[in-house]
Amino acid sequence: MPSRRSPEQLTELLDPATTVLLTVECQQGVVGPDSALPELAAAARSSGALANVARLVAAAHERGVQVMHAVAESRPDGRGGNRNARLFRAAARLPAQQHTGSTAVRIAPPIEVADEDLVVRRLHGLSPLAGTDVDPLLRNLGCRVLVVTGVSANIAVPNAVFDAVNLGYTAVVPADAIAGVPADYTPAMVRNTLALVATVTTTDAVLGSWKRPRGRAAGQGAATPA
């Protein structure tokens with residue numbers, strides 16, 4: 001479901017000074033060729049979602065938009081990690097583990113990490129925001145709008161969107177820059193859930209907004225929010 005915001009309104013919303021681009025679990029052990037979750041990795045790549053995340057990150061670097069990478073990892077001894085859900089118990093038995101310091105928790109190509117990017121790592125839970133450093137870092141950065149990308153549309157991405165909204169941020173989701181399994185689940189999640197709480201848009205629309213002169217900067221009146 002596309003946003004009802006006009007291109008001009010999206011440009012005003014995605015002000016580089018108050019926008020942060022968040023990549024969720026775009027790490028080698030999740031979306032890379034040796035993923036612990038090969039079906040999810042295949043969906044992220046075949047759908048073009050991972051390539052679109054890389055495009056957004058590159059454009060953010062060029063336009064001065066802060067980029068933040070949320071990484072899920074675990075200690076080799078599992079200390080501090082959750083065991084209170086089926087998902088966590090299954091993940092602990094996978095042959096590929098997201099261990100701290102391993103290749104699995106490095107950001108996956110083709111996404112490029114710049115020196116000014118922030119990488120926030122968590123050892124617990126399902127959300128990139130709850131109980132992590134993401135919220136205080138966003139506030140210190142003056143963030144008002146959070147662009148959420150990555151995986152998975154099943155769990156971590158909706159968690160990030162819900163938590164962002166609950167914390168007072170405006171969430172923006174480029175629907176072609178997130179992925180989940182099965183493939184037809186992602187558009188259903190976007191249409192029936194995320195579109196109710198976030199501005200749903202496309203990668204091209206976000207890229208266009210960062211190239212387009214903003215209304216005030218161009219001497220025009222500010223756009224009215226949708």
Side-chain angles (χ1 to χ4, degrees), residues 21-57 67-113 117-134 147-164 173-190 193-194:
L21 173 65
L22 179 71
T23 76
V24 177
E25 296 182 24
C26 291
Q27 56 205 74
Q28 293 196 37
V30 176
V31 296
D34 299 320
S35 171
L37 304 165
E39 187 180 2
L40 178 58
R45 291 178 177 276
S46 64
S47 67
L50 188 62
N52 284 332
V53 175
R55 293 171 64 206
L56 289 164
V57 168
V67 177
M68 186 178 294
H69 306 280
V71 173
E73 57 184 46
S74 63
R75 288 169 50 110
D77 60 8
R79 191 174 297 273
N82 289 65
R83 297 180 178 84
N84 58 336
R86 174 184 169 190
L87 173 67
F88 301 120
R89 295 191 293 272
R93 296 192 296 269
L94 291 173
Q97 293 292 310
Q98 316 297 317
H99 287 161
T100 300
S102 69
T103 300
V105 297
R106 295 178 184 171
I107 302 301
I111 299 169
E112 296 187 359
V113 181
D117 292 2
L118 296 172
V119 180
V120 179
R121 304 179 183 277
R122 76 178 195 275
L123 292 171
H124 62 85
L126 300 171
S127 172
L129 274 73
T132 73
D133 289 337
V134 170
V147 181
V148 180
T149 67
V151 297
S152 71
N154 303 74
I155 297 174
V157 167
N159 262 266
V161 171
F162 295 152
D163 286 343
V173 178
D176 55 355
I178 65 171
V181 290
D184 59 359
Y185 180 78
T186 300
M189 163 61 79
V190 171
T193 302
L194 299 185

- Spatial distance of atom CD1 (Ile155) from atom CG (Leu87) [nearest 0.5 Å]: 4.5 Å
- Message: Test: side chain to side chain donor-acceptor pair (under 3.5 Å). Region: residues 150-159. Which pairs qualify, not counting sequence neighbours?
- Response: none
- Query: Of all residues at least two apart in sequence or in a different chain, which pass the side chain to side chain donor-acceptor pair (under 3.5 Å) check with Asn84?
  - Reply: Asn82
- Message: Between Ser127 (side chain only) and Ala130 (backbone N and O only), is there a donor and an acceptor less than 3.5 Å apart?
- Response: yes
- How about Val148 and Ile178: do any of their side-chain heavy atoms sit closer than 4.5 Å? no
- Note on the structure: Residues pairing under side chain to side chain donor-acceptor pair (under 3.5 Å) where one sits in residues 30-51, two or more places apart or in two chains, turn out to be none
- Query: Taking Arg121 for the side chain and Thr100 for the main chain, is one N or O donor matched with an acceptor at less than 3.5 Å?
  - Reply: no
- Query: Is a donor on one side and an acceptor on the other found under 3.5 Å between the side chain of Gln97 and the backbone of Ala91?
  - Reply: yes
- Message: Against Gln27, only a single residue in His69, Glu73, Arg106, Gln98 fulfils side chain to side chain donor-acceptor pair (under 3.5 Å); can you say which?
- Response: Gln98
- Message: Any heavy-atom pair between the side chains of Pro174 and Val147 that's under 4.5 Å?
- Response: yes
- Query: Just by modelled atom types, is the Arg83 backbone N or O under 3.5 Å from a matching donor or acceptor in the Arg89 side chain?
  - Reply: yes
- Could you tell me whether the side chain of Asn52 and the main chain of Asp176 form a donor-acceptor pair under 3.5 Å? yes
- Item | Shortest non-hydrogen contact between Ala179 and Val151, atoms and distance | O-CG1, 3.7 Å
- Item | N/O donor-acceptor pair under 3.5 Å between Thr23 side chain and Gly150 backbone | no
